[in-house]
Amino acid sequence: MSPGMRGTPPRQAAQARSAPVFALVTLTLIGAALAAPWLAPQDPYDLANLLLDHARLSPLTRDEAGMLHLLGSDDQGRDVLSAILYGLRVSLGVASAGTTLALAAGLTAGLCAAWHGGRTDAMLMRLVDLQLSFPTILVALMLMAALGQGPDKVVIAIAVSQWAYYARTVRGSARVELQRDYIAAARGLALPTRRIVVRHLLPNCLAPVIVLATAQMAAAISLEATLSFLGLGVPVTRPSLGLLIANGAQYVFAGQYWMSLWPGVVLLATIVAIQQAGHWAGRKAAGGGASR
Amino acid sequence: MTIDPGQGGAVRTISVWSRAHRGLCTACAGILAAAVAGAAILPAPARALEPARPPLRIGLAGEPTTLDPHAVNIAPNNALAWHLFEALTHVDAKTRLVPGLALSWQALSPTEWEFRLRPGVRFHDGSAFDAEDVVASIERARRLPNGQFGSFVQRISDLRIIDPYTLRITTAQPHAALPLDLDSIFIISRRHAKASSDAFDRGEAAVGTGPWRLRRFSRGERVELDRNDDFHGVLPDWASAELRVYGAERARMAALLGGDVDLIESVPGADLVRLRTNPRFAIEQAVSWRTLFFHADERVPENAAPRSHPLADPRVRQALSLAIDRRAIVGRLLDGAGRPASNLVAPGVFGHDSTLAVPRFDPALARQLLAEAGFPGGFDLTLAAPNNRYPGDARIAQAVAAMFARVGVRVRLVTLPVNVYLPRARRGEFALALLGWGSFSADLALRSLVATRDPSRGNGGWNWSYYSSPEVDRLLDAAAGEFDPERREATVRRAMRQAMNDLAVIPLHHTMASWAMTRGLRYTARTDEFTFAHEVHPATERR
């Protein structure tokens with residue numbers, strides 16, 4: 001049973017109050033990413049737009065063509081604000097594609113393991129154990145080294161390094177659900193296996209997985225950023241937030257902070273907001289579950 | 001930017017101790033009988049006066065891949081090899097040829113040279129150096145499977161030992177640049193002539209006559225060196241040194257700023273601007289011998305449509321060259337740490353043709369030439385560059401890709417770590433490939449980079465363009481047989497002019513070599529970009 005509001009520690013109460021803010025920030029960022037082509041003053045992925053004469057302008061300066069660089073420009077003459085908007089698009093796109101793929105794979109494996117039990121279960125779960133014994137970043141690095149660069153490769157790396165979390169979570173809740181009466185009733189009606197799993201079992205296992213997925217989404221964003229920062233992720237001509245930070249980092253010692261700082265702030269905000277929104281959704285879901 | 005002329009003189013007055021020691025060594029050499037005893041006993045009290053110093057720590061930009069001096073011909077390896085080994089000839093900080101293990105040399109005829117070797121030199125293991133070691137080293141460089149130094153000795157047809165310190169070298173054709181070529185052949189002990197590259201990496205064969213002995217080699221991380229107290233030249237000022245590898249520019253800068261190293265090479269341009277105003281550090285800078293350029297693959301396979309290989313058309317190469325804004329690359333991207341190039345070798349290097357002009361930046365003309373060549377809508381192209389080899393390499397490639405985009409050439413940009421990049425570029429996988437080349441003589445550079453590919457003669461080994469000009473080949477052959485330096489240089493300049501006018505390569509800029517060090521140290525900028533621990537000195541007091 002969830003603790004009553006009277007007993008809520010102040011920290012949790014504060015989190016509960018700030019949750020809508022994080023949700024709002026998340027939605028704003030997603031909206032900004034989707035609307036990037038209309039919001040951004042420049043298309044930073046069109047190489048023909050990049051002029052070295054407009055490189056490394058500090059924030060709030062105008063270039064010779066009269067364009068205002070609100071957050072400055074980077075070493076190639078990219079408007080930092082535009083690059084952030086487009087980069088956010090890449091970061092969120094790659095992370096959500098990776099998360100979706102991981103979720104699909106994890107759900108399938110987890111349900112399979114729970115339904116069949118026995119040797120299938122043991123094999124799948126040992127595979128999960130094996131994978132979880134490696135640090136995520138190591139798995140992703142090895143994959144990228146083998147696959148090469150590119151956003152599609154990052155998606156695969158994210159999916160491969162994250163599916164195990166979902167598989168384990170789904171298997172746990174599916175095993176609990178399988179003991180319940182409605183499953184026994186469905187079996188008693190001699191419904192086909194696929195129908196029982198997809199229509200009855202799956203929907204009831206979904207809540208914890210969705211919560212996990214939001215948290216993993218934040219992890220996927222930071223994984224993509226890490227890979228790109230290390231130069232293994234997206235191509236240099238289509239930078240994501242992580243690559244923008246890496247590109248600007250070499251100018252930090254020279255005092256030209258803006259190329260790294262602003263993408264960094266946005267990356268941080270994205271990860272924190274999504275994670276907090278996920279937590280909040282998770283607690284809601286847990287509360288909902290208790291009242292069932 | 002030039003080297004502070006005041007420092008050239010200072011090099012020769014290092015420290016009281018060092019000068020005293022050198023005098024001492026001269027005295028020892030004079031009294032031959034006492035030499036052995038003297039070297040063993042006398043330096044000891046002298047060294048006791050020297051304050052105990054922690055090792056000299058240097059941050060390197062490039063990773064030495066092996067200690068085998070005859071295996072991989074890349075600058076980081078050669079720089080490290082110069083610590084442990086020597087060659088018959090050396091070049092000084094300004095690429096002038098000076099005696100090394102050979103004291104003097106002369107051409108007896110157009111195809112025969114006599115080298116007089118330095119007597120009394122000992123290897124790190126105590127064995128004496130003589131002509132046998134030179135023969136063994138040249139043979140090994142020639143024979144080593146996949147060795148990249150074979151081209152330097154390819155023209156040698158015969159080696160004859162007259163006496164232990166006199167060696168006659170015969171070349172198949174006249175080859176006036178032989179002494180320069182021999183600067184690239186490191187002399188190993190004949191005891192290790194059959195050693196594998198692994199034996200060098202383990203340290204057991206890494207026995208040279210150089211100023212440092214190897215203590216430890218951790219690939220990709222660091223090299224630890226101890227002073228070779230038996231070195232025949234000026235002894236290093238430090239008893240030990242550590243060369244640490246920091247491939248990333250900011251890691252190298254952080255190591256210097258954080259006090260992990262005393263000196264770094266290849267300082268990023270943007271940081272140079274900052275460091276100049278920081279009283280804790282000193283900067284050394286000079287136009288280096290390295291020129292950055294693109295090879296444009298001119299090959300057209302048989303029965304391929306000509307339009308499928310636009311780079312074979314000289315007008316297209318001309319257009320690409322005109323599309324590059326070299327001034328912006330040097331000024332904006334590199335913060336001035338470079339000089340737009342018209343030649344394959346830097347100004348001041350033998351064979352540089354100063355009548356060649358830096359290619360103009362004229363995107364309108366570039367577009368017009370592309371249209372004339374039949375590509376009004378541009379074309380697609382793969383442009384490749386390393387991302388950890390030359391200062392700003394990947395950023396330069398990206399900027400050039402953007403400049404090409406503005407004349408309609410759509411670029412697929414590939415940037416790779418140098419160890420992945422070089423093999424792929426050598427296999428001809430990229431239409432345009434960035435390369436940096438340092439040479440102290442234009443004929444050597446031209447022979448490797450633009451001469452018609454001919455492995456049997458050691459020509460065109462790095463000719464990624466597959467450019468082939470009978471005229472350039474003829475001029476290079478003529479230069480090889482010309483022993484009068486002035487006439488030879490004139491011939492080399494003509495070859496340079498021809499190759500550059502044909503756009504055998506598309507030049508970008510000459511890089512600026514830079515070093516940053518904690519104040520209190522002094523390093524004379526070397527045109528060849530090498531960082532030598534034995535040439536780092538404590539700064540003399542300035543008032």
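Numbers restart at 1 for each chain; the letters A, B, ... are given by sequence-line order, proteins then strands.
The shortest non-hydrogen separation linking A48(A) to A405(B) is N-CB, 3.7 Å. Of all heavy-atom pairs spanning L333(B) and L52(A), the tightest one is CD1-CD2, 3.8 Å. Here the closest non-hydrogen pair linking A270(B) and R56(A) is CB-NH1, 3.8 Å.
Between chain B and the residues V252(A), L50(A), N247(A), N49(A), the most heavy-atom pairs under 4.5 angstrom are made by L50(A). In terms of heavy-atom pairs under 4.5 angstrom with chain B, the leader among G255(A), G231(A), P235(A) is G255(A). Note on D325(B), D335(B), V420(B), L416(B): by heavy-atom pairs under 4.5 Å with chain A, the leading option is D335(B). Chain A forms the most heavy-atom pairs under 4.5 Å with one residue out of M403(B), E249(B), Q398(B), R410(B), and that residue is Q398(B). Per-residue counts of heavy-atom pairs under 4.5 Å with chain A were compared for P417(B), A328(B), G331(B), G392(B); the largest is that of A328(B).
Summarising the geometry, atom CG belonging to D271(B) is positioned 9.0 Å from atom CD belonging to Q256(A); distances are rounded to the nearest 0.5 Å.
Counting only heavy atoms from C-beta outward, the side chains of F253(A) and R250(B) approach each other to under 4.5 Å. Taking 4.5 Å as the limit, some side-chain heavy atom of D53(A) sits within range of a side-chain heavy atom of R327(B).
Applying a 4.5 Å heavy-atom cutoff, none of the residues of residues 379-386 of chain B approach chain A.
Residue R78(A) touches chain B through its side chain alone, counting heavy-atom pairs closer than 4.5 Å. For R406(B), the parts sitting under 4.5 Å from any heavy atom of chain A are the backbone and the side chain alike. The parts of A254(B) that come within reach of chain A are both its backbone and its side chain, each placing non-hydrogen atoms under 4.5 angstrom from that chain. The parts of I329(B) that come within reach of chain A are both its backbone and its side chain, each placing non-hydrogen atoms under 4.5 angstrom from that chain.
With a 6.0 Å radius and a threshold of 12 heavy atoms from other residues, nucleotides or ligands, W258(A) has its CH2 atom above the threshold.
Under a 3.5 Å cut-off, the side chain of R332(B) and the backbone N or O of Q76(A) do not form any donor-acceptor pair.
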